[in-house]
Amino acid sequence: MGQVKKYVVGCFDDENVLFPAVKKVRAAGYKIQDVYTPMPVHGLDHALGMRETSLHTAGFIYGITGTTTALTCMSWIFTSDWPLNIGGKPHLPLPAFIPITFELTVLFAAVGMVLTFCYLCQLAPFVKKHHFHERATDDLMVMVIECTAKTNEEEVKAMLNSNGAVEVNVQEAPVGWWLGRYDRPSKLFKTREVAY
Amino acid sequence: MSLLKYESTLREPLVDGEKTYHQVTEDICRPVEEKANTGWKIGFTISVALLLFGVYSVYREVTYGIGQWNLNKTIGWGWDITNFVWWVGIGHAGTLISAILLLFRQGWRTGVNRAAEAMTIFAVMCAGQFPIFHMGRVWDAFFVLPYANSRGPLWVNFASPLLWDVFAISTYFTVSLLFWYSGLIPDFATIRDRAKTKARKLWYGVVSFGWTGSTKHWQRHESLSLVLAGLSTPLVLSVHTIVSFDFATSVVPGWHTTIFPPYFVAGAIFSGFAMVQTLMLVTRKVMKLDDYITLGHIEAMNKVIVLTGSIVGIAYLTELFMAWYGGSKFEFDAFYKYRIAGPYGWSYWTMMTCNVISPQLFWSKKLRRNVAFTFIMSIVVNIGMWFERFVIIVTSVYRDYIPSSWSVYYRPTIWEVGFYLGTFGLFFTCYFLFSKFAPVIAIAEIKHVLKTSGESFKEKMDVIEKESVEHFAHEHAHAH
């Protein structure tokens with residue numbers, strides 16, 4: 001972290017314009033860092049060449065963990081740690097264990113998935129990130145193209161303009177996130193050294 | 001095929017009027033950004049007053065004991081457990097709308113899901129109070145949790161439905177909260193990026209977790225919502241099933257029936273939708289959101305009410321039939337002598353009228369789309385569903401096996417009523433705060449359906465729908 005990169009930012013107000021533009025920019029060999037949208041745009045992840053998320057697989061593993069935890073804990077307690085005589089009923093009443101086993105499966109899967117989601121997307125209170133356009137959460141789809149040493153900014157800007165972008169600009173932005181508050185102006189890392 | 005991206009005009013639009021993405025943001029964020037109006041302030045004050053009365057009622061109960069309530073040895077469960085089941089039931093509609101209707105791809109859920117999920121969370125919070133304070137020594141409430149303690153360790157009974165309830169309700173609350181909050185993050189980010197004041201920037205900056213709207217994040221967000229919906233669907237069915245087990249696994253005539261789980265779940269959805277209607281009709285009016293919560297939404301929910309109301313009606317009749325057909329004297333007496341007739345007969349008939357007879361009026365399309373009628377009906381159904389729980393709980397136990405233990409009549413004390421009113425205070429205080437500080441409609445989800453199901457966009461479908469089939473087939477046969 002602390003690294004600052006240069007980006008060409010193109011804003012679109014219509015998905016139907018955005019998709020062909022994404023295609024052309026990628027075909028021209030530019031690296032689209034990300035497209036920020038106010039709502040989920042179906043198919044955009046594939047258009048950007050992203051792979052499917054594995055979050056649901058993680059959820060399955062968490063769920064299985066919950067199942068195992070519930071079953072082993074209850075069985076151990078009722079048969080070995082403190083075998084309690086409840087009306088002469090069996091010490092290992094599996095059908096009676098089903099409700100709690102189910103609840104813990106769901107609980108583990110849900111909590112685990114949400115935490116994993118927050119970790120993968122780096123979401124937490126007081127996390128601050130660079131926002132390329134304040135209307136990216138309102139009505140603009142913001143395409144961010146990373147500049148390398150070889151990139152001709154003017155060429156990229158012209159390309160975005162000719163492909164229907166309603167607003168084009170160049171920004172320098174720190175990579176990743178930092179701890180901060182949104183009511184205070186953000187400072188870039190090159191001007192402020194922070195050691196975390 | 002690209003021409004067919006709009007929904008047919010035969011379907012009612014989900015968003016009325018000429019809307020753009022920006023207009024959607026404006027409309028839904030307005031109540032959050034404006035100053036609270038007088039109606040809000042009055043409502044909030046009344047809610048807080050009720051809440052404080054509830055706190056005092058609970059204080060009396062905690063300090064002086066369960067004797068502050070009029071429960072006795074025979075009627076050990078009265079208003080408290082009735083209110084518990086009632087509130088849990090109300091919560092169910094929120095999960096049904098947000099999870100089950102998501103899996104069924106019901107587009108209309110987008111207008112009402114956010115507020116309905118909030119309602120779920122607040123209702124479960126209210127529900128939880130009752131069993132906790134009914135324990136009497138509330139400071140020992142944590143004994144219900146299985147933890148390695150210094151008493152042996154003596155564990156809880158994992159084979160008891162009351163303990164299943166502890167797990168079911170707490171899991172339900174946690175999962176609903178996570179589902180609700182993960183949906184709120186992008187919308188909080190929308191408000192954060194529009195914020196003009198320092199306080200709002202700080203607050204919405206914190207609660208939006210630094211959301212940017214990255215495509216990858218949206219992809220994960222969609223996956224998360226779908227899996228949480230898939231988990232919540234069996235979860236919501238399990239919760240009221242387990243609540244019904246509290247009764248069904250006992251040997252009390254009137255409780256010991258196998259139809260309880262589906263009967264309770266249908267009743268829960270029935271009462272929950274009534275509460276959603278009550279809240280939504282006020283919300284759309286006060287916040288001027290009629291373009292997003294349309295008559296179509298109200299009608300759809302009324303259809304659910306008439307369906308679940310009829311299921312509940314069939315369950316009542318099945319109970320009566322089985323009580324006669326089963327040939328057990330105690331069962332027969334419980335239903336035909338102590339419930340329908342007897343000192344509590346009036347509560348049975350209130351329940352029957354409110355839950356089974358009056359909702360049948362919703363077979364009429366005119367009434368389903370009538371806002372005033374729907375509002376009255378939503379209150380009637382909630383009264384009926386409260387009486388259902390009262391009938392099941394109190395009228396099954398007030399005449400014990402030994403006539404000497406019969407309890408003639410059970411009247412709640414003011415502190416029992418106060419506790420119930422207090423949960424209304426808690427519920428509405430939370431709802432008022434939610435409606436002031438959070439978007440009551442899921443902004444991103446509305447934007448997601450806007451271009452396929454919005455009124456102004458669907459008109460574009462007219463051109464295609466006017467074409468003859470032959471012409472359309474000829475034009476588009478090789479289009480893709």
Side-chain angles (χ1 to χ4, degrees), chain A residues 13 15 34-42 44-45 48 50 52-53 55-56 59 63 73-74 77-78 81-82 84 86 89 93 96-97 99-100 102-104 106-107 109-111 113-114 117-118 120-131 134-139 142 177 181-183, chain B residues 20-22 25 146 152-155 157-159 161 163-164 167-168 171 174-175 178-179 182 185-186 189-190 192-195 198-199 201-202 204-207 209-224 226-228 231 234-235 238 242 245 443-445 447-448 451:
Chain A
D13 60 358
E15 302 91 313
D34 213 330
V35 180
Y36 299 95
T37 57
M39 67 276 167
V41 179
H42 280 185
L44 189 58
D45 45 347
L48 289 170
M50 287 173 181
E52 281 298 330
T53 171
L55 194 58
H56 43 268
C73 283
M74 287 189 290
I77 287 166
F78 265 22
D81 189 54
W82 190 291
L84 202 62
I86 303 162
K89 286 173 189 165
F97 286 173
I100 291 181
F102 170 75
E103 300 301 333
L104 283 197
V106 170
L107 184 68
V111 173
M113 269 187 83
V114 170
F117 168 75
C118 287
L120 290 175
C121 301
Q122 303 283 286
L123 299 171
F126 293 103
V127 160
K128 195 168 177 183
K129 290 172 185 165
H130 179 78
H131 297 274
E134 60 180 10
R135 272 165 66 195
T137 51
D138 180 4
D139 59 348
V142 180
W177 56 274
R181 284 163 50 171
Y182 277 87
D183 59 328
Chain B
T20 58
Y21 288 143
H22 182 64
T25 315
L154 186 63
W155 297 96
N157 180 5
F158 295 108
L163 188 77
W164 302 346
F167 279 86
T171 302
T174 314
V175 175
L178 292 174
F179 199 2
S182 62
I185 289 175
T190 302
R192 173 200 68 204
D193 293 345
R194 291 164 49 86
K198 239 181 155 206
K201 269 184 190 158
L202 169 64
Y204 291 106
V206 173
V207 293
F209 285 16
W211 176 265
T212 53
S214 150
T215 306
K216 189 69 192 175
H217 296 182
W218 274 121
Q219 186 200 41
R220 293 189 186 121
H221 192 268
E222 294 253 283
S223 166
L224 178 73
L226 195 62
V227 178
L228 283 185
L231 290 169
L235 177 66
S238 86
I242 292 174
F245 284 165
I443 306 173
E445 287 186 44
K447 286 176 187 164
H448 185 57
K451 290 206 171 169

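These numbers come from the heavy atoms of this one structure, side chains and all, not from hydrogens, waters or symmetry mates. The chains referred to below are lettered A, B, ... by the order of the sequence lines, with proteins before strands, and numbering in each begins at 1.
Interatomic distance, A:Met113 CE to B:Ser223 OG, rounded to the nearest 0.5 Å: 5.0 Å. For the atom pair OG1 (A:Thr53) and NE2 (B:His217), the distance works out to 10.5 Å, reported to the nearest 0.5 Å. For the atom pair A:Ile86 CD1 and B:Asn157 CG, the distance stands at 3.5 Å (nearest 0.5 Å). We find the CZ-CG distance between A:Phe102 and B:Leu231 to be 8.0 Å, quoted to the nearest 0.5 Å. Here the CD atom belonging to A:Glu103 is positioned 11.0 Å from the CH2 atom belonging to B:Trp164, to the nearest 0.5 angstrom. If you take OG1 on A:Thr137 and CZ on B:Arg192, they are separated by 6.0 Å, rounding to the nearest 0.5 Å.
Residue A:Ala109 touches chain B through both its backbone and its side chain, counting heavy-atom pairs closer than 4.5 Å. When heavy atoms are compared at a cutoff of 4.5 Å, B:Ser182 does not approach chain A at all. Interface residue A:Phe126: backbone and side-chain heavy atoms are both found under 4.5 Å from chain B. Both the backbone and the side chain of A:Val111 have a heavy atom closer than 4.5 Å to some heavy atom of chain B. Heavy-atom distances place both the backbone and the side chain of B:Gln219 under 4.5 Å from chain A. Of the atoms belonging to A:Glu52, heavy atoms from both backbone and side chain fall under 4.5 Å from chain B. Looking at A:Asp13, only its backbone comes within 4.5 Å of chain B, counting heavy atoms on both sides. Using a 4.5 Å cut-off between heavy atoms, A:Leu48 touches chain B through its side chain atoms alone.
With a 4.5 Å cut-off on side-chain heavy atoms, A:Thr37 and B:Trp218 count as touching. Taking the side chain as every heavy atom from C-beta outward, A:Pro125 and B:Val207 never approach each other to under 4.5 Å. With contacts defined as side-chain heavy-atom distances shorter than 4.5 Å, the pair A:Leu55/B:Leu224 qualifies. With contacts defined as side-chain heavy-atom distances shorter than 4.5 Å, the pair B:Thr20/A:Asp139 does not qualify. Considering only heavy atoms from C-beta on, B:Phe167 stays 4.5 Å or farther from A:Pro99 through its side chain. Between A:Asp45 and B:Lys216 there is no side-chain heavy-atom pair separated by less than 4.5 Å.
When each of B:Thr212, B:Val227, B:Thr25 is checked for heavy-atom pairs under 4.5 Å with chain A, B:Thr212 comes out on top. Most heavy-atom pairs under 4.5 Å with chain A: of the set B:Leu178, B:Val175, B:Leu226, this distinction falls to B:Leu178. With chain A as partner, the option from B:Arg220, B:His221, B:Arg194, B:Lys201 having the largest number of non-hydrogen pairs under 4.5 angstrom is B:Arg220. Listed options B:Pro161, B:Pro146, B:Ala168 were ranked by heavy-atom pairs under 4.5 angstrom with chain A; first place goes to B:Ala168. Your options are A:Ile77, A:Val35, A:Leu84, and the one with the most heavy-atom pairs under 4.5 Å with chain B is A:Ile77. Taking chain A as the reference chain and counting heavy-atom pairs below 4.5 Å, the highest number among B:Glu445, B:His448, B:Lys198 is found for B:His448. Contact count versus chain B (heavy atoms, under 4.5 Å) is highest, among A:Val127, A:Leu104, A:Val41, A:Val106, for A:Val106. Across A:Asp34, A:Val142, A:Asp138, the residue that shares the most heavy-atom pairs under 4.5 angstrom with chain B is A:Asp138. Contact count against chain A (heavy-atom pairs under 4.5 Å) is highest for B:Leu202 among B:Leu228, B:Leu202, B:Val206, B:Ile242.
Ring geometry, B:Trp211 versus A:Phe117: the interplanar angle falls from 30° to 60°, so the pair is classed tilted.
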Next on the checklist: Show, in sequence, the C-alpha distance, side-chain angles and deciding distance for A:His131 and B:Asp193, and conclude whether the side-chain hydrogen bond (donor to acceptor under 3.5 Å, both in side chains) test is met.
Outcome noted: CA-CA 9 Å; A:His131 297 274; B:Asp193 293 345; 4.6 Å; no
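Using a 4.0 Å cut-off between a side-chain N of Lys or Arg and a carboxylate O of Asp or Glu, B:Lys451 and A:Glu15 qualify as a salt bridge.
Taking the six-membered ring where the residue is Trp, the centroids of B:Tyr204 and A:Tyr182 are separated by 6.0 Å or more.
Nearest heavy-atom pair across A:Pro40 and B:Glu222 is CG-OE2, 3.4 Å.
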